[in-house]
Structures are given as C-alpha cells and as structure tokens.
Amino acid sequence: MTIVSDSPVHSSSSDDFASFLDAELATSTSDSSADEEGDEEENLESKRVKRRKVEVLEILEEVQDSTARVETSKEEAICAHPGSFGGMCIICGQRVAEEAGVAIAYIHKGLRLDSPELVRLRNADMKNKLNQKKLHLILDLDHTLLNSTMLFHMTSEEDYLKSNADSLQDIQNGSLFMLEHMRMMTKLRPYVRQFLKEANEMFEMHIYTMGDKPYAREMAKLLDPGDQYFNDRIISRDDGTQKHQKGLDVVLAEESAVLILDDTENAWTKHRENLILMERYHFFASSCQQFGFRCKSLSLLKSDESDTDGALASVLRVLKRVHSMYFDEDPRDAPSNRDVREFLKSVRKEILQGCRIVFSRVFPTSFPPESHQLWKMAEQLGATCLVEVDLSVTHVVANDPNTEKSRWATNETKYLVHPQWIEATYYLWQRQVEDKYPVNQSKSQ
Amino acid sequence: MFFHITLERNMQLHPRHFGRNLRENLIAKLMKDVEGTCSGRHGFVVAITGIENVGKGLIRDGTGFVTFPVKYRCVVFRPFKGQILEAVVTMVNKMGFFAEAGPVQIFVSNHLIPDDMEFQSGDMPNYTTSDGSVKIQKDSEVRLKLIGTRVDATEIFCIGTIKDDFLGVINDPTTA
C-alpha cells in the first residue's frame, strides 16, 4: 500500500512503476522458487500470474487517477450558485455577480434567487400545499380589501368620519382607522375580516400592492393584527421586477395554484387567467374623483357595501368552489395536471350558461364588437353574443329603450337590460335579477 | 470575533466647539461618528474604550474647521469565514432562515440545513426534524458556521450553515 501512495500518479511514470513492481515481484518469486526446487514450467506459470496482477494494479491506478479528476471537476460544478444573499452564493459563500437571478427583496434585503432554484422551491412548495390542501391567494389592497385617502383630500362633508374612527388599540373590531403618522384614513371593506378568516383555511395568502412598503406594512397590520395570515408575504411596488406591473415571478408559488384578487386588470397582463377581477371599493369621495366618477361616494351617502352580499362575500363563494374543485372533485387525476385557471374559467362559464345576448347601440359603430369589454365579459360568463336578433335571443342589452332592437325585445317579451347587468353579474359571480337593471331614458347614465 | 485595536481618524471640528471643552466635544463627536459603523477591514465598531492621543489640529483654509488626528482604542466585531457563531433566528421561510448576531445578518439556505429537517408553513413557520424533537423557528438560538462574509459600509452580510457536527439549535424558545 505504501508503494501505491508514494507512487506518482500521472501515467507517464506508470511504466517505471510497473517495472519497479516487476522487479520486486521477481525477487519475491525467486525467493519462493528457491524452496520449490525451481520447476521451469511452474515458474513461468507464476510469472504469468504476477504479470496479470501488475496489469490489474495498473488498471486500478488508472481508475484512481480518473476518479481523482472527476472529484476535482465535481468540486467546481458542485455549486451552481442558485441564489445570492448580499452578493454571496447561498450555498458556497463565494462572491457572485450582483445582478444574477430575481430579487426577492420583500423577504429580505439582498436576497436573490435564480430560476432553477425558484422552480425547485415552487415544486417543493406545491407538495407541501397539496398535503395541507391549500392553494395560494394574492390580494391587492386598495379598492379590493380597503380604501384609503390622504387626510387633506377629505372634503368637509367627510369630517364626521374623523371623529368616528375606530380605536387603533382594538384593530380587530374596527373598520375605519385614522393613521395620523401617515396622514391617512383607511376604511376596510365590509366582510373583510370574515373573508380573510375563511380564506386562510384554504389559501396561503400574500399581499401584493402598488403602494410602497411602509404603506403595505401598515395596512397589513390593520387587516391582520394577530399576524397570522400574511407573515413575510407582503409584496409592494418596490419589489416587483417590472414597473407598473405585478408579476408572479417574485411569488414562490406554482402558477397553476395561484388565484389573484385585484381591481386592476392591466396590472396583471401576464396572468389574466389567474385573476378574479374585483369591483372597485370606493368609500371616500377622493377615491371616486380619482377614477372620474361624479356620483356620491359611500362616505357622503353615509352608507356602505352590503356585509353579506357584497363583492367579498360573493368572491369567497367562488374561492370555496374552486378550492373544492381542485381538491375534492376528481381525486384520480394527478395533482400536477390540475390547474386553478381551468377551474376558474369553468366556474365563470356556468353563470350565464344558455343566455344569448344581443347588444344594441352599446358599442360605437366603428368599434369591432368582439373586442369590447362587455362582449368579452359576457362570453367569459358563458353567454353567446350575437350581432343580429333572432328568436333564440334571450337578452337585449341597451342604454336606450327606443332603439329598434330594444323595441323588438319589449314586443317579444325578451329581457331588456342595462349594460350594468353584465358588469354586476361579472363582479358578483351570480346571474343578477334582470328586473333590477331596467333600461329607461332617465336612468341611462 | 472581537478585537481590541487602535484606530486613527481625522476629525473635523467646527470652531464653535473650541474652548475648554474641546477635548470632550471631540470625543463625543468621535463616538457619534464611529460607533455602530462598519468598515470592510475592521468590521463593526462596537464601542470606543479610550483615546490614546489627539494630534495637533490643522486649520482648514476658508472654512475655519480644524482637523485633529485622533488615535483611539475600540472594540470591533468582525465575522470570519469558518467562524462558529451563535445567533438568534429572525425569520423562517421556505428558502431557509435568517438570523442575527448583533449587526450581522446571516442567511442559512435550506440547502445548508440538515436534510432531515423539513419546512413547515403556518402562522409560525419552522424547520422540524421528522420526529419533532428539534425545531427552528423565529427567536430560536442557533449555533452556525459562517461560510461567506461581506462587510459593507453599514451592514454585514453572512452566509451560514448548520449542516455540520455540533451545529443547530442551542435554545428552543418554546421550551424555555
């Protein structure tokens, strides 16, 4: 053994080594053959055996040599630098290029991960989530879960709110808060507490807002005073990878298991299929103005959205539906094939199943009707949209009761509804009673 | 590791501080300027322990400020690669966990957590062994080994591992 370890490893000297071994072996055979009375043939035989042994040794040596080489190359390839923290690889601690990978800054400053690592984490997460029977839910803040306004934007009629604000000592039971250090007032959407509580059973929830980080944290405190829902999963506009866009690339979740609640469709151009579009919640007058509505805000009307029939309650029903479809309905199907996007689509398609809709003077004449928002909404809801009336038509959508098609609808006793009927159905995930959306001249706006 | 060393710094002092309290003002300003800062070479300055020598002041032309070279002794903390360190866990997630030892931020990736510890999500995310005997969660104290360090002007980043003998949880907050 000592010979082997002392011997130089490179192959050029292996011949020397072989001859050295030969010599050694020859002496040992000569010793033994002295005892055996020197039979020529036997000696030859033994020489052949020794020769073979030397060959075996040489092969062994070669194998050792190559494993050594493999080991060194492994040492170099062993770390793929799957991510970095403060510019150092998270596995080997070596310095790596600062810009490699996607920044996951909302979890910790200076943390970046590359895409294979993200895929690995998402897969691991998926397994975990399947065991827990949970999916992912991404929640927008403004106009979805709450409405905020700056104090100096508040009108004098809204001043009564300032004295009615709920105590910050008892966040869990309040819904209207005055945040003096941020010069803001925030109103939580009715039903949001119940919504979060129930959604937490089915989903791992994230906050994803276009607001800045301090704002997001502050709102998370209001929504989740017990810190049981969101943990560190609070993503603000500083953490996204693209300006004015929200993306799932920084979210550690498989896209097929993510549902998104947001009021702005354009923020999610890459993930429209995961999105449940929310009707905007405007409580404060400034919020209405921002979006160009002339109507009175809820704060001025001193009213609020319905607690049990509002947008959040109806969306919660949809979430429950999709969740149960995902986990319960077809257990034979491999989990990897399931996709919330498909389930979401099919739930939506049932709502206006069988309706045949004609639009009358809703779109500008030069506008291709198929690309209008209302047309798309109706089709996503499962209705069939037609350009001309025939007897199979069930609904005529119009702003004006005196158009030709509107009159036809009245004569044929078909439903004549206002475009808001489609919007309301879309946002509330339920076919609305047609009589509540009549078309008459005075109410055309 | 902590070191007690002598450092030198040129202090600029405004003329309004001149007078019989000049030395005190100089030291107060030095403490304010230096304590809690980092330098790549020496690490984090924990505390100034004494002044060795204040050199001759040099009046800056035009401003009236005077520059004094000050030699001071201080305790510095500098992490080293390979060092074993005890730290408090600040955040646990599926990527690993973050821990803090004074000014030092340490990240231990889940690649460097023993394979038998698995991530458990929930309102108190943690890494737990399959038999549940060892648990790492927020506020746990862990002993870890540093495998990479970087000292910035204001922060110290480290990569740590607990995938080695005698590393891991040393104090569980749930049992304490």
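Labels below follow one simple rule: chain letters A, B, ... track the order of the sequence lines, proteins then strands, and each chain is numbered from 1.
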Self-check item: Under 4.5 Å from any heavy atom of chain A - which part of B/Phe98
Solution: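 Side chain of B/Phe98 only, per the 4.5 Å heavy-atom cut-off to chain A.
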Quiz item: When heavy-atom pairs shorter than 4.5 Å are enumerated against chain B, which of A/Pro82, A/Gly83, A/Cys92 gives the highest number?
Solution: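 Ranked by contacts with chain B, first place is A/Cys92.
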Quiz item: Top residue by heavy-atom pair count (under 4.5 Å) with chain B, among A/Leu113, A/Leu111, A/Ile90?
Solution: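 Of the candidates given, the most pairs with chain B belong to A/Ile90.
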Self-check item: side chain to side chain contact (heavy atoms under 4.5 Å, CB included) between B/Met95 and A/Leu252, intermediate numbers included
Solution: CA-CA 9 Å; B/Met95 280 165 284; A/Leu252 296 171; 3.4 Å; yes
Interchain donor-acceptor contacts below 3.5 Å (chain B, chain A):
{"unit_1": "B/Lys94", "atom_1": "NZ", "unit_2": "A/Asp125", "atom_2": "OD1", "d": "3.1"}
{"unit_1": "B/Lys94", "atom_1": "NZ", "unit_2": "A/Glu204", "atom_2": "OE2", "d": "3.4"}
{"unit_1": "B/Lys94", "atom_1": "NZ", "unit_2": "A/Leu252", "atom_2": "O", "d": "3.2"}
{"unit_1": "B/Gln105", "atom_1": "OE1", "unit_2": "A/His108", "atom_2": "NE2", "d": "2.9"}
{"unit_1": "B/Asn110", "atom_1": "OD1", "unit_2": "A/Arg120", "atom_2": "NH2", "d": "3.0"}
{"unit_1": "B/His111", "atom_1": "NE2", "unit_2": "A/Glu117", "atom_2": "OE1", "d": "3.2"}
{"unit_1": "B/His111", "atom_1": "NE2", "unit_2": "A/Glu117", "atom_2": "OE2", "d": "2.9"}
{"unit_1": "B/His111", "atom_1": "NE2", "unit_2": "A/Arg120", "atom_2": "NH2", "d": "3.3"}
{"unit_1": "B/Ser121", "atom_1": "OG", "unit_2": "A/Gln132", "atom_2": "OE1", "d": "3.4"}
{"unit_1": "B/Ser121", "atom_1": "OG", "unit_2": "A/Gln132", "atom_2": "NE2", "d": "3.0"}
{"unit_1": "B/Arg150", "atom_1": "NE", "unit_2": "A/Gly86", "atom_2": "O", "d": "3.2"}
{"unit_1": "B/Arg150", "atom_1": "NH1", "unit_2": "A/Gly86", "atom_2": "O", "d": "2.8"}
{"unit_1": "B/Arg150", "atom_1": "NH1", "unit_2": "A/Glu98", "atom_2": "OE2", "d": "2.6"}
{"unit_1": "B/Glu155", "atom_1": "OE1", "unit_2": "A/Lys109", "atom_2": "NZ", "d": "2.7"}
{"unit_1": "B/Glu155", "atom_1": "OE2", "unit_2": "A/Lys109", "atom_2": "NZ", "d": "3.2"}

Exercise. Please examine the side chains of A/Phe85 and B/Ile106, heavy atoms only from C-beta on, and report whether any two atoms are closer than 4.5 Å.
Key: no
Quiz item: Measuring heavy-atom distances to chain B, does A/Ile107 have an atom under 4.5 Å in its side chain, in its backbone, in both, or in neither?
Solution: both
Quiz prompt | Inter-residue atom distance B/Ile147.CD1 - A/Cys89.SG, 0.5 Å rounding | solution = 7.5 Å
Quiz item: Could you name the residues of residues 58-74 of chain B that have a heavy atom within less than 4.5 Å of a heavy atom in chain A?
Solution: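 At a heavy-atom separation under 4.5 Å, chain A is reached by no residue of residues 58-74 of chain B.
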